[in-house]
Trainee: 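If you scroll down you'll find the structure; I have some questions about it.
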Amino acid sequence: MTGRAHIDGTWEPRPAVRWEDAFLGGNGRHGAMVYGDPADDRVIVNHHTLVRPNGSEHIRPPELAHRLERLRDALLTGDTTAGEQFGAGRPLAWVQPFHPAFQTRIRPTQASVPAPGDDRALVDYRRSVDFATGEITAAREGRRSQVFVSRADDVIVQRVTSPGLAVDLTLDHALPGAPPRLAIGRSTALTPGGGRLVLRVGYPDSELAYTGVTVVRADGGRVSVASEGIRVEGARSLLLLTRVRRHAGDLDLAAECAALPGDGYPALLDRHLRLHRPAFERASLTLDADPYERALPGSELVRLPGSPALVERLFAAGRYHLLSSSGVLPPRLTGLWTGDWDTAWSGAFTTNANLNLQIASAAAAALPEASEAHAALVYGQLGDWRDNARAVFGARGIVAPSHTDGESGHTRHFQRAYPLHLWTAGADWLLEPLLAHAETSGVTDPRLVEALHEAALFYEDFLTRTAPDGTVALVPSYSPENRPANASWVTVNATMDLAAARHALTVSADRSPDRSEAARRRELASRLPDFSVNGDGALTEWAWPGLEENYDHRHLSHLYPVWPLDAINPYDTPELSAAAHRALVLRGSENDSAHGHLHHALVAARLRDGARASAALNAVLAGDFFHDSLMSTHYPGRDVYNADAAHALPAAVIESLVQSTPHRLVLLPAPLTGCPSGELCGIRTRFGAVLDLRWSADGTATAVLHPTRTARVDVRTGGGSTLTDASAGSTAAPLELAAGVDRVLELGPR
């Protein structure tokens, strides 16, 4: 590999032993986890829709609205524990857990291939994944296995080539954590030049099931039925095509088999590349990295946390994994992948922090696929969100849940310590990435306008109480997943709720064709309390007298107005920006969760603190958060497979170099200390221009804007650099951009 090939892929000199180290492929529906072991060539098959029935799918939001006014009375009169039993006492019901389907296995018919512990197994061995193609390859001494997950044909494709292949092929459901009472059905059939394997898996205590199909095509040799699979002897190559479907019946299965493509590997790959390669190559990051470090396998590179080559590779891997896990749904806590049925936190979509952090780069890093997948989740659940608003709060509009399995959007997480059913900011928080997508693309989905309207409708019904100072009180209120040092979790005027209410009302008013409705919502927003600053000079997490801060916490919910809303920023609200910065300085990292560090980095970048953004990113780079697959973990020491760090890292890098709103561009707001020079290309801005940026260690930089629509933009720099519009030969005042007319901005040294 040379040039960008070192960046746009990773490799290992040995097969994966643990599923966490398996290389990953995906098309946003199917996922593949590839071990690359010639002695037991395993590919774990995943699908976004595979969730195990556990009874929670039937849970509806509790009818609590008739008790709401009593709760409000108690909270407003100072009862700090009044919310502890509001909806609590119900059994804690996790969403339906995400699980793997099965693994395809290709094993030699005789012990002719050395086991992984044998040194001979590593001779001439190489396992690699090419992010630009999505192709995962394992090669050793004439044997080659290639796997990709087709975006064009929605199928997992594997080709194995070797002289005189003699192997057994099976579909193996016995993955870690698999329930003991799965109902397993198999069928095997021979076809001209190959065969077909079918595995049907029924869930315990349920009539539901899922079905996997693998079609096998052999180039030469003899194919026969062997035990629970197919034996191939003397073939030159094998082609495997695998699909899985949840709740597929016999007729569905027959249709699936008939629908599997009949082309050979090159044609299948070509159709896939037409979709995957352009998507991945829209944006890129190149740093001044050591060529030797660039050439290292990922398992060695991750041990060099100060290496620019590591940042390059993780940036590319993060975009690749985000693209690969976004399609019918956005990424789960584990992206699109798991090798274990006992996935932490049910492998859910956790919406109060994790999901938004994972897709934080989608708009800027030119991955509309991720934004569209997020839209599919949100718009597909709006009916359930309406149920939540009505049942719990007696209100019109929408309230989002804190956890979802991708099927139900009903709130169901009831705990005294985590009263997430009383989190009202969720709809606004989850709609914000769709606003970013609309502003970046220049196209507003009518469903977004309607959802924003419903978010505002909720606040019109919910904001009925006033504080002693005459402002509107948000009560009950909850700041995920924290509590005041001197009160219980359910409170008044959590800053995240305050920011969400003001944003929802204002944004909806801006888009409303009804003037009286728009005026009513702006007036209601004007009656909300101001953000609060405490005696430490910090933005408070609760804008309510007497509530004390709990600084050591992994969540940064109260800094929602900084990132991503930009309601508090150094340019328009410098005093509040300073208070938000003070809140960030005082914030601890609690249990060192990856999402906490990356959230910290994103907020620090918005507040132009490059040193703090760098420190937060370095806590992840140096914390042993990455498996050999370059998928990340939730905790340091590679503990708990989790996509937060992997997917959020590109956003932290981009925010340190480029930030945009519909009317502002900020260049080099918070450069990372370990990346003194480099090139960031293909970044999408919220005013409709593609941006390429080159920067140097001496503080000089060149930004080239490629506008796709007319815009007037204020340009700022992060460190007092001089800024010149090289296209006009003058100092850069607000830029008047015209579609199709490139502009070049030069930054002088600080």
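Because only heavy atoms are used, hydrogens play no part in the values below, and waters and symmetry mates are left out as well, while side chains stay in.
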Trainee: Please list all pairs passing the salt bridge (charged side-chain N to carboxylate O under 4.0 Å, His left out) test where one or both residues lie in residues 170-183, with sequence neighbours left out.
Mentor: Arg105-Asp172, Arg181-Asp205
Trainee: Less than 4.5 Å apart, any side-chain heavy atom of Met631 and any of His647?
Mentor: yes
Trainee: State which residues pass side-chain contact (heavy atoms from CB on, under 4.5 Å) with Asp445; sequence neighbours excluded, sorted by chain then number.
Mentor: Tyr379, Arg447, Leu448
Trainee: Please list, chain by chain and in numerical order, all residues satisfying salt bridge (Lys or Arg N to Asp or Glu O under 4.0 Å) with Glu407, sequence neighbours excluded.
Mentor: Arg246
Trainee: Using the salt bridge (Lys or Arg N to Asp or Glu O under 4.0 Å) criterion, which residues pair with Asp130? Sequence neighbours excluded.
Mentor: none
Trainee: Over 60° means perpendicular and under 30° means parallel, so classify the ring planes of His30 and His47, tilted if in between.
Mentor: perpendicular
Trainee: Got a sec, which residues hit salt bridge (Lys or Arg N to Asp or Glu O under 4.0 Å) with Asp168, two or more places apart in sequence or on another chain?
Mentor: Arg231
Trainee: Which residues pass the ring pair (Phe, Tyr, Trp, His ring centres under 6.0 Å) test with His99, not counting sequence neighbours?
Mentor: Tyr203, Tyr210, Trp341
Trainee: Provide the full list of side chain to side chain donor-acceptor pair (under 3.5 Å) pairs with a residue in residues 268-280, sequence neighbours left out, each pair given once.
Mentor: Asp153-Arg271, Asp263-Arg271, Asp270-Arg274, Arg277-Glu281
Trainee: So does Phe98 get a backbone contact from the side chain of Thr343, meaning a donor-acceptor N/O pair under 3.5 Å?
Mentor: yes
Trainee: Quick one: side-chain hydrogen bond (donor to acceptor under 3.5 Å, both in side chains) partners of Thr137, sequence neighbours excluded?
Mentor: none
Trainee: Could you work out, with ring pair (Phe, Tyr, Trp, His ring centres under 6.0 Å) as the rule, every residue matching His48, not counting sequence neighbours?
Mentor: none
Trainee: Only pairs at least two apart or in different chains count here, so list each salt bridge (charged side-chain N to carboxylate O under 4.0 Å, His left out) that has a residue in residues 364-377.
Mentor: Arg282-Glu369
Trainee: Taking only residues two or more places apart in sequence or in another chain, which ones pass ring pair (Phe, Tyr, Trp, His ring centres under 6.0 Å) with Phe23?
Mentor: none
Trainee: With Asp628, which residues qualify under salt bridge (Lys or Arg N to Asp or Glu O under 4.0 Å), at least two apart?
Mentor: none
Trainee: Apply salt bridge (charged side-chain N to carboxylate O under 4.0 Å, His left out) to residues Arg638 and Glu20 and explain how you reach the verdict.
Mentor: CA-CA 9 Å; Arg638 280 177 280 179; Glu20 293 90 340; over 6 Å; no
